[in-house]
Amino acid sequence: MLKSVLLRKALIIFVITTAIALAVLITSYTLLSKDKHITQKINELMPVANAAALLTTEKIANSLDYETYAYLCAEMADSVNSYIVFVETDYAFQYLSEPVNDPEFMRGLIRFIAENNEFFTGERYYSKHLEINNEIYVCAASHVYNESGTILGNIFIITERAKILSSISLSNYTIILSALIALPFAAVLTIAGATHALKPTKHLVLVAKEVSEGNYDAKANEKIKGEFGTIARAINTMTDRVSNMMRELRLEKRQLNQIIAGLSDGIVAINTQGKIMHYNPALMNMFGAVGVSTKEELVPHPEIWELFDAVLDTDEVRMTTYHTEDGRAIWITVSTIYDDENNCAGAVGLFKDATEMERLENMRREYIANISHEFRTPLTALRGLLEPLADDMIPDEETKHRYYNVMIEEVTRLSRLISDMLTISKLQSNALAFEIEPVNVSEKLKQLEVSLSTTAAKKNIEVEFDVQDNLIAMTDHDRLSQVLIILTDNAVKYSKSGGKVTVSAKYVKDFSHLITQPNVAVSNPSYNANKCKNKIIISVSDKGVGIPAMDLPRIFERFYTVSKSRTKGSTGLGLSIAQQILDAMDETLIVKSVEDKGSTFMITLTPFDPERDKKYLN
Ligand code: ADP
């Protein structure tokens, strides 16, 4: 019960107050009652003195014998615990009571009476301060008359003042004792009363404790009367305010965390001691971190953390490009974080994976270099032919004619280059519309057979078509033609005279075995075994020069040509265009080629499904 500090304090205050009250009581009682006691004693002594005076008169008249008289006087003196002395007017005295035998005392008494003559004149009957031999006494006096009424002397009843006052001490002891007996009861009552009075504090303490532990829903009882009610209301108002503030802070923090977590760039903040304060999943992914307890577990590259140290030391923003071992380029910007007083509170680093950007930038640079190169070749050739013609340095018509033919060839190559580049650019910017619809592949290949046979015949190349009937694919009519022309043109272009080009088309249930063979390249990297099912496959085979194994993986790149010498007039853009067209339709181009043996280019097409594509059925 006395766990309550308030209660303990109330009890201590009670004990101290009681002790002070008791001290004040005893002191004032002692002071005030001293005089009262002495007066009371004199009042008690007075009748005894009167009675003794009467007895003395009797004795002087010889009505009483001395023994009786002495006995009675002694008894009377005893009854009031005093001495009794009869002093005659001539200061002679009779011995009546025991201590009076002391001559010193008697001399002192006589001196006192002589000095205070009023006792015999009837002006004084008592003294509260009778000093004899350094002892203080109190006395009451009464005249002794003879029969004719003359004053013969005085009876003095004398008591030691100390004896009277000793009764006060007794009273004090009694008071203290009573107080000591009453104190425990009073203390119990005080505790009970205080406990009852402090009951609301228990409730308020509980509420305050709950609030301090973060439970802002805890409410103090506002109906409590008096000051505690005011405290309860103040606690509730305070709790509401803190609760609102905390809610806003939590909301802000959650939003900030969501923003940071949602960033595609990595972010990490450390304090001045180098301890991580925040980081986001993007950064974890960037460096493959799983559990993070130290900064080295998050980013296991000390060089990067040295950059943070430098920022903390110099207060300057630092930027760098960090190349990881696996070939990624990461742009890092580290800057200082400041606190409210503008002091450095840590550093924050922003990590951007610039691998793709750098790759694109390199590609762009390479592309421009390639274009310049591709343009320069025909232009240089043209200039080389035009200059002698312009200077009229070619006299014979036959040579001139040959020059003109070469020039026409170069200009055609230039215009093809430009048209191929335009197609690629349109494909990359999605500007080329695809109209996917059911296309009768069998019919289409029949039409192709006519034109291909004509061009192949010029090079003395045999053409064979092996096409299943009624193959209907969901594809874009024109784009498919474009791809087929690229493939068949190449087949003829890279076949030797007397060679053979075979075009076939059939429905294949599963062709996953095709993409796992050696000397095979697949244009669409998303093509795995699962995707190699239920397709129409058109293949264009030749027995021409083939493609060396080392060139196969790069065959779909823009401007990539196997060897300049064997590809006169080629741009290296055809297969790139075919790849991008097929990619856009989620199809793929598969190449199987062996150098000097020939190549087979296969394209996949999605067969028409009457169930899935019923909207195309009229
Ligand atoms: P182009 O044929 O205009 O040079 P392509 O992109 O169509 O450009 O072809 C790129 C390269 O692939 C060619 O330079 C050639 O070396 C090689 N190539 C393409 N088709 C064949 C094929 N059927 N036989 C051998 N090599 C080929």
Side-chain angles (χ1 to χ4, degrees), residues 363 366-367 370-371 373-378 381 409-428 448 452 455-456 458-465 479-504 514 519-524 537-583 588-603:
M363 257 174 72
E366 212 175 283
Y367 185 57
N370 280 333
I371 291 172
H373 177 76
E374 292 301 324
F375 276 94
R376 208 171 38 234
T377 316
E409 223 172 80
E410 290 302 332
V411 170
T412 315
R413 187 170 124 74
L414 255 181
S415 86
R416 207 177 61 237
L417 189 66
I418 291 168
S419 110
D420 280 358
M421 277 168 53
L422 272 175
T423 311
I424 284 192
S425 137
K426 278 183 188 165
L427 277 166
Q428 281 181 340
L448 182 72
L452 181 62
T455 32
K458 283 185 196 161
K459 259 188 93 177
N460 189 26
I461 291 167
E462 189 191 335
V463 173
E464 190 185 310
F465 269 74
R479 302 291 149 239
L480 178 61
S481 301
Q482 210 171 348
V483 173
L484 288 174
I485 288 166
I486 291 168
L487 297 184
T488 49
D489 270 4
N490 279 350
V492 173
K493 198 163 38 172
Y494 299 109
S495 286
K496 291 162 202 155
S497 173
K500 183 179 176 185
V501 173
T502 310
V503 178
S504 69
L514 283 180
N519 299 320
V520 166
V522 182
S523 73
N524 189 337
I537 292 192
I538 304 176
S539 70
V540 180
S541 304
D542 63 69
K543 296 192 183 314
V545 292
I547 300 163
M550 59 176 284
D551 292 300
L552 259 183
R554 301 190 60 193
I555 209 75
F556 306 112
E557 285 178 22
R558 277 175 306 185
F559 298 112
Y560 193 81
T561 51
V562 172
S563 138
K564 292 285 163 199
S565 58
R566 72 172 188 177
T567 56
K568 191 169 171 284
S570 79
T571 61
L573 292 174
L575 289 182
S576 174
I577 293 172
Q579 178 219 1
Q580 287 186 44
I581 290 174
L582 291 165
D583 257 12
T588 193
L589 175 58
I590 303 164
V591 189
K592 181 172 166 55
S593 184
V594 179
E595 198 175 8
D596 291 329
K597 290 243 164 83
S599 315
T600 302
F601 286 79
M602 290 164 273
I603 60 165

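Indexing begins at 1, ligand by ligand and atom by atom, following the structure's order. Numbers here simply count residues along the sequence, with the first being 1.
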Just to be sure I read this right, does ligand 1 sit under 4.0 Å from the backbone of Asp542, its side chain, both, or neither, counting only heavy atoms? side chain
Going by the atom numbers of ligand 1, which of them fall below 4.0 Å from some non-hydrogen atom of Val562? 14 (O), 16 (O), 17 (C)
Atoms in ligand 1 flagged as close to Ser599, the criterion being non-hydrogen separation under 4.0 Å: 22 (C), 24 (N), 25 (C)
Heavy-atom count around Lys543 NZ within 6.0 Å, excluding the residue itself: above 12? no
Quick check on contacts: which atoms of ligand 1 are under 4.0 angstrom from a heavy atom of Ile555? 12 (O), 17 (C)
Heavy-atom distances under 4.0 Å are what count here, so tell me which part of Tyr560 touches ligand 1: side chain, backbone, both or neither. backbone
Work out whether the distance between some heavy atom of Gly544 and some atom of ligand 1 is less than 4.0 Å. no
Sidechain-backbone polar pair: Lys459 side chain, Lys493 backbone, donor-acceptor under 3.5 Å: yes
N/O separation below 3.5 Å, Gly574 to ligand 1: yes
Per-atom filter on ligand 1: closer than 4.0 angstrom to a heavy atom of Ile547 are 25 (C), 26 (N), 27 (C)
Ligand 1 to Phe601, heavy atom cutoff 4.0 Å, flagged ligand atoms 20 (N), 21 (C), 22 (C), 23 (N)
Sequence neighbours left out, cut at 3.5 Å: what donor-acceptor pairs do the side chains of residues 482-489 make with other protein atoms?
residue: Gln482; atom: OE1; partner: Arg479; partner atom: NH1; Å: 2.8
residue: Thr488; atom: OG1; partner: Leu484; partner atom: O; Å: 2.7
residue: Thr488; atom: OG1; partner: Ile485; partner atom: O; Å: 3.3

Only heavy atoms of Lys493, strictly under 4.0 Å: list the atoms of ligand 1 that pass. 1 (P), 2 (O), 3 (O)
By side chain to side chain contact (heavy atoms under 4.5 Å, CB included), Val411 pairs with (sequence neighbours left out) Leu382
Please list, in number order, the atoms of ligand 1 under 4.0 Å from a heavy atom of Leu573. 6 (O), 8 (O)
